[in-house]
Structure formats: structure tokens, C-alpha cells
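Working notes for the structure below.
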Amino acid sequence: MRIDVLTLFPRMFEGPMGESIIGKAQERGLVDLHISNFRDFSDNKHQNVDDYPYGGGAGMLLKVQPVYDNLQKIEEASPTTNKRLILLDPAGKPFDQKMAEEFSEEEHLVFICGHYEGYDERIRSLVTDEVSLGDYVLTGGELGAMVMIDATVRLLPDVLGNNASAQTDSHSTGLLEHPQYTRPAVFNEMEVPAVLMNGNHQLIAQWQLKESLRRTYLRRPDMLEKISLTPEMKQLLNEIKREISS
């Protein structure tokens, strides 16, 4: 996968994007990451990329020309790939795990990080997606792009050491992940549940499902409304409700 990022602050990506899973994915050639400063594409001798809005109003708007020319350069460098052009914008569709899964199926992602008060509306005509990290406003789109890249890259084949890890993550299954434990079996009188150490994989799987349901019911009950519960899940959920009410 190739990923391009258009930003006014490329140094923000130098550290985080070279570490951990994303850094290793790049080293192994699974991800080809390119960071562009679209200020370099300004046709203004002062390299300005913003200007006052027509009709008045507070703040400055990003101009369409530098972004357009930067996108053209990316197209010249990679003309054969199908591209998903993503505008980071508070008014965009909220980013979630399903969207990360969609992005992970693409061969080329391009993230445009905004700044200042907003965008010249014509920039929106250049993109395929307008995406928001959540219902709040950040100084710019850089942090949002990093989060989306991280959530996407970890879903690529062979990026994680254990491909099953991504499949069982919270939100990937529609449920929050069940509690997990490692050695020692007892710490400060806190014990690992015995079922996890008895070697009965069927009982372990049932316990994990039940505890995923319990955690989701207690912390994010809204998630249960978005999935189809199997008869087993309904039975376990009823047990959980009885246990909580007793």
C-alpha cells in the first residue's frame, strides 16, 4: 500500500510514523509512506497557502491551488494506482473501525491535512472522502491522519505478527474485547480465572464470548444494538443481566 500525506507540518510525522508497527511495516516494504509539504507547491513567492475568504468572515482559508498541484504531482508519481483521497475535516463522516477496514483494502490512500479556519470549497471537489476523527476540533488534520493511518496499516496482511489479533480486536467483532491475563497466575492475591488455565478450549471460548458481552453491555451498550446476536449470545447476555441484578 502507498500512503501520501499532504501537510504544512511534515516534521510532525517524522517520529511517530517511523516507530512501532508502522515503522516495521515500512521496513518490510508493506507500506510506502510519503509526506508532502503542500506549501512547496504554492505559486506565491512568499509560499502563502491561505487567504481571506470572499464575502468576509473570521480566519483564513486554505487555497485550492497548492493542494491541487500537490495532488497532480502525486498522480504523476503513481499514475496507475486507484486512489482514495481523504480530506480531514470536522464536518466529515466520523472515522470508525469499519472505515479503517475499507481503507485497508485500498492500494493508495492520500490524506489532506487542513489548517487555519477551513478549506476553499473547491478543494472538496478533488477528494473522494471527507472524514472526521470525532466531534471535536483539532488545530489541524495531522493528528487525525496519524490515527487513521495507524488504524488502517495494522489491518494489512502480515503487518501484525499474529493476523488473528486484528480480527479479535475490540470493535472489529462488534463487541469490546474480553479481559486478558498473563503470568503470574496470582499477583497481590489477584488470580487469573481458573477457566483460562484448564486447557478446555471450548469452555475458554465460551468464557471469552460471555466476558466480551459483559464488558460491552456495561461499557458500550449502544454497540449491542448494531449487531445481530446469535441464540448463544442472547442466552449469555440474559445470564449476565441476571448476575448483575442479583
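In this text the structure is predicted, and so the values were computed from the model without any measurement. Throughout, residue positions are numbered sequentially from 1 according to the sequence presented. Below, all heavy atoms of this structure are taken into account, side chains as well, without hydrogens, waters or symmetry copies.
Between the CD1 atom in I86 and the CG atom in D4 there is a gap of 11.0 Å [rounded to 0.5 Å]. How far NZ of K210 is from CD of E232: 11.0 Å, rounded to the nearest 0.5 Å. Here E239 contributes atom CD and I244 contributes atom CD1; the two are 12.0 Å apart, rounded to the nearest 0.5 Å. To the nearest 0.5 angstrom, M148 atom CE is 12.5 Å from I3 atom CD1. Atom CG of D120 is separated from atom CG of L62 by 9.0 Å, given to the nearest 0.5 angstrom. Interatomic distance, L33 CG to Q26 CD, rounded to the nearest 0.5 Å: 4.5 Å.
The two residues M197 and A185 come nearest to each other via the heavy atoms SD-CB, 4.0 Å. Of all heavy-atom pairs between E19 and G15, the closest is CG-O, 3.3 Å. Residues V192 and P184 approach most closely at CG2-O, 4.0 Å, considering heavy atoms. The minimum heavy-atom distance linking V49 with S42 is given by the pair CG1-CB, 4.3 Å. When all heavy atoms are compared, the tightest approach of A25 to V153 is CB-CG1, 4.0 Å. Of all heavy-atom pairs between A151 and A100, the closest is O-CB, 3.9 Å.
In the hydrophobic cluster analysis, where Ile, Leu, Val, Met, Phe, Trp and Tyr join through side-chain heavy atoms closer than 4.5 angstrom, I204 is grouped apart from L175. Both L85 and M99 belong to a common hydrophobic cluster when Ile, Leu, Val, Met, Phe, Trp and Tyr are linked at side-chain heavy-atom distances under 4.5 angstrom. By the rule that hydrophobic residues join a cluster once side-chain heavy atoms approach within less than 4.5 Å of another member, Y136 and V147 end up as members of one cluster. Two different hydrophobic clusters hold L6 and L61 under the rule that ILVMFWY side chains link at heavy-atom gaps under 4.5 Å. One hydrophobic cluster, built from ILVMFWY side chains closer than 4.5 Å, cannot hold both L213 and W207; they sit in different ones.
Residue-environment remark: OH (Y181) exceeds the threshold of 12 foreign heavy atoms within 6.0 Å. Other residues, nucleotides and ligands contribute over 12 non-hydrogen atoms within 6.0 Å of the CG atom of N238. The number of heavy-atom neighbours closer than 6.0 Å to OH of Y116, taken from other residues, nucleotides and ligands shown, is above 12. The number of heavy atoms from other shown groups lying within 6.0 Å of CD (E243) is above 12.
Side chain of Q65 to backbone of D43: a donor-acceptor contact under 3.5 angstrom is found. Looking only at distances, no side-chain donor or acceptor of T7 sits under 3.5 Å from a matching main-chain atom of E142. Between the side chain of Y217 and the main chain of K241, no donor-acceptor pair closer than 3.5 Å is present. A side-chain donor-acceptor contact under 3.5 Å links R215 to the backbone of E177. Between the side chain of S132 and the backbone N or O of G92, no donor-acceptor pair lies under 3.5 Å. Remark: side-chain polar atoms of S78 are not paired, donor with acceptor, to backbone N or O of I74 under 3.5 angstrom. Not a single donor-acceptor pair under 3.5 Å links the side chain of R122 to the backbone N or O of V64.
At a threshold of 4.5 Å between non-hydrogen side-chain atoms, the residues I21 and D150 do not count as touching. Contact of the F13 side chain with the C113 side chain is registered, since non-hydrogen atoms from C-beta on lie closer than 4.5 Å. At least one side-chain heavy atom of V5 sits under 4.5 Å from a side-chain heavy atom of I149. Put simply, the side chain of L8 reaches to within 4.5 Å of the side chain of F38, judged on heavy atoms. For the pair L236 and L209, the minimum side-chain heavy-atom distance is below 4.5 Å. With a 4.5 Å cut-off on side-chain heavy atoms, D40 and N70 do not count as touching. Contact check for N198 versus V195: side-chain heavy atoms found under the 4.5 Å cut-off. Contact annotation: the side chain of I112 approaches that of L71 to within less than 4.5 Å [non-hydrogen atoms, C-beta and beyond].
Listed by chain and residue number, H34 satisfy the side-chain hydrogen bond (donor to acceptor under 3.5 Å, both in side chains) test with D32 (two or more places apart in sequence, or in another chain).
Side chains of Q208 and E211: no donor on one and acceptor on the other come within 3.5 Å. For the residue pair T81 and H108, a side-chain donor N or O sits within less than 3.5 Å of a side-chain acceptor on the partner. For the residue pair D50/H115, the side-chain donor-acceptor check at 3.5 Å is not satisfied.
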Exercise for the section: Carefully, step by step, assess T152 and L109 under the rule side-chain contact (heavy atoms from CB on, under 4.5 Å). Expected result: CA-CA 10 Å; T152 299; L109 301 176; 4.0 Å; yes
Practice task
Give the intermediate values and the outcome of side-chain contact (heavy atoms from CB on, under 4.5 Å) for residues M60 and E117.
Solution key: CA-CA 5 Å; M60 308 283 277; E117 183 64 24; 5.6 Å; no
Exercise for the section: Go through E107 and R2 one step at a time and tell me if the salt bridge (Lys or Arg N to Asp or Glu O under 4.0 Å) criterion holds. Expected result: CA-CA 6 Å; E107 57 179 327; R2 172 168 172 151; over 6 Å; no
Practice task
Output, in order, the C-alpha distance, side-chain angles, deciding distance and verdict of side-chain contact (heavy atoms from CB on, under 4.5 Å) for L224 and L237.
Solution key: CA-CA 10 Å; L224 295 174; L237 190 56; 4.2 Å; yes
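Sequence neighbours left out, the pairs with a member in residues 80-99 that pass salt bridge (charged side-chain N to carboxylate O under 4.0 Å, His left out) are E75-K83, R84-E102, R84-E106, R84-D129, D89-R124.
Ring geometry, F111 versus F103: the interplanar angle exceeds 60°, so the pair is classed perpendicular (tilted spans 30 to 60°).
Just one residue in the list L88, L138, L133 forms a side chain to side chain contact (heavy atoms under 4.5 Å, CB included) with L143, and that residue is L138.
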